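Have a look at the structure below, then the notes.
Just so it is clear, the structure is predicted and the values come from calculations on it, not from any experiment. Naming: A, B, ... by sequence-line order, numbering from 1 per chain.
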Amino acid sequence: MDTYEQVKNVIVDKLGVEADKVTPEARFVEDLGADSLETVELIMGLEDQFGVTISDEAAENIRTVQAAVDYIGSQQ
Amino acid sequence: MDIKRVVITGLGPVSPIGLGASTFAAAQRAGKSGVGPITHFDASMCRAQIAGEVHDDLSPYIEAREGKKLDRYVQLALAAAELAVKDSGFSKEDLAGERTGTLVGSGIGGMKTFEDQAKLMVERGPSRISPLFIPMMIANMATGHVAMRFGATGPSSTVVTACATGSGAIGDASRIIQLGLADVMLAGGAEAAITGLSIGGFGNMHALTASHNNDPERASRPFAASRDGFVLGEGGAVVVLEELEHAKKRGATIYAEVVGYGTSADAYHITMPAPEGRGAQIAMRQALKSGGVNPEQVGYINAHGTSTPANDLNETLAIKSVYGDHAYKLAISSTKSMTGHLLGAAGAMEAIAVAQALHDGILPPTINLAGDLDPELDLDFIPEGAREQRVDYAMSNSFAFGGQNAVLVFKRWAE
């Protein structure tokens, strides 16, 4: 499974959203309805999935699905 | 000050013997047991391996997305609140605003969430704890979520008095209406503590029966000679409490009036009841007095009746002390014989049972008692099955670990 598909699965699991709503340009808060706690939950889920550490500063800038995919790519 | 009258106009039981008022009533009449082998976790290492689980699908009341963020105890509370509101004839819009209040207690709160996250803490350290851990686990979240769901911004609080929670919540909520601070209160309790930590803890207190793992439906046997512990149950129970004139104006079905409420502390021991139920007696007398009810007017008691040796003996002694000779004319039964002990939801579930008994003129039985009578407990515990009998006043007892007692007195509704 490629990074995008894995990220998508984590989002579907942590935010409980329909898979077809998860597009590269979808924003976690505005489009997928995540609140601040769910956003933290999502970032932790990505850390677990990919074995990376995402700092609070980095997390601040991860606001879309594509941003998450890009950040994880840059860390691997 | 003008004291308002409080009536029950909506019933929302989510119990091991059924979900919704009519299912719950029918199950009580049939003397159904909701106790079975534990399926929520692998209980094969536990002394007690049975419980009263709720197997109904909660998805009609909880969206999948919302469910991920809610401990089971909150889910049970929300389902109960939805059912109670539907039964009352209110729409959601009717309840928005500050004239509706919320008071839904829990004995423990989010036990499963606590357990899962504690395990994570040990295995992977504090950095992996879910940011939703605290808001899922804390014991006031059932109240919080019920308020959010209905937009109810009126008086709000949470009772946490272990096994007396449900009665305390209904009593405290009634007082809020009596004082004119709200027209409607969504009140009750919820508990979902069928987990390894909880069954292990209660089991090692020897509070749970461990003798009927192969005969679960016969395990909860309040007032029986062979009783040797309670059966843990789970559930949610919410009632719609309403100021009388408010209820009459909209032509609501009135199940019963809440007339008396008493509380007390044993001030004796963490888990053992005070000898002769002395603390319980104080709460029972106060409940009668606060409603202006004479003991002789009471026809039915829904007992705390847990099926532990100590509770059932001391409760019987307390009833005899408070009611004197009239104790022998009372019909008494334990809902827990059918549902198991729902801890923080028990008092509210039993308030629903009492409201139905008064309204329908049918007293629920104590199951698993016939053929196993305790000569020391010589009152009428309705062992033979549900009984058609109209009574005017009924009492519901709830006594807690910690020695806290909460007792409600209800009146059959008649114009």
Side-chain angles (χ1 to χ4, degrees), chain A residues 3-65 67-68 71-72 74-76, chain B residues 57-79 82 92 109-151 153 192:
Chain A
T3 303
Y4 178 78
E5 283 302 315
Q6 289 184 60
V7 168
K8 184 171 169 177
N9 287 346
V10 173
I11 294 168
V12 168
D13 176 45
K14 295 298 177 187
L15 302 185
V17 292
E18 305 286 332
D20 60 9
K21 295 235 171 80
V22 184
T23 59
E25 48 297 338
R27 296 165 297 178
F28 300 130
V29 176
E30 295 85 349
D31 301 320
L32 302 180
D35 63 21
S36 61
L37 298 180
E38 288 172 309
T39 307
V40 179
E41 183 99 333
L42 174 60
I43 294 294
M44 288 172 63
L46 294 171
E47 288 180 329
D48 282 349
Q49 179 69 38
F50 295 100
V52 298
T53 302
I54 303 174
S55 69
D56 291 351
E57 293 72 32
E60 279 287 304
N61 295 315
I62 301 175
R63 293 183 185 150
T64 65
V65 177
Y71 183 83
I72 284 152
S74 74
Q75 298 297 303
Q76 285 179 325
Chain B
D57 176 21
L58 302 180
S59 66
Y61 312 97
I62 316 283
E63 283 177 39
R65 174 174 187 153
E66 196 184 12
K68 279 180 154 344
K69 296 188 286 178
L70 302 175
D71 186 88
R72 181 168 174 80
Y73 99 95
V74 173
Q75 298 191 23
L76 292 165
L78 280 171
E82 286 274 3
K92 271 188 191 172
M111 183 67 112
K112 176 69 162 56
T113 299
F114 197 103
E115 200 170 305
D116 290 345
Q117 295 295 314
K119 206 181 298 169
L120 210 54
M121 161 85 187
V122 171
E123 287 169 0
R124 303 187 56 201
S127 68
R128 304 324 292 171
I129 302 298
S130 169
L132 294 168
F133 167 48
I134 301 293
M136 284 175 74
M137 177 272 294
I138 51 183
N140 68 329
M141 255 325 151
T143 306
H145 278 286
V146 170
M148 281 185 258
R149 180 159 294 198
F150 296 99
T153 53

| query | Is a side-chain donor or acceptor of E38(A) paired with a backbone partner of D35(A) at a separation under 3.5 angstrom? | reply | yes
| note | Ranked by heavy-atom pairs below 4.5 Å to chain B, first place among V17(A), D48(A), V40(A), L15(A) goes to D48(A)
| message | For the CD atom on E18(A), are there more than 12 heavy atoms of other groups (residues, nucleotides or ligands in this structure) within a distance under 6.0 Å? | response | no
| Is it the backbone or the side chain of I134(B) that comes under 4.5 Å from a heavy atom of chain A, or both, or neither? | neither
| query | Hey, is K69(B) close enough to E63(B) for a salt bridge, meaning N to O under 4.0 Å? | reply | no
| Residue, of S130(B), S127(B), A64(B), that accumulates the most heavy atom pairs under 4.5 Å with chain A | S130(B)
| said: Quick check on R128(B) against chain A: is it the side chain, the backbone, both or neither that has a heavy atom closer than 4.5 Å? | reply: both
| field | Electrostatic pair E41(A)-K68(B), nearest N-O below 4.0 angstrom | value | no
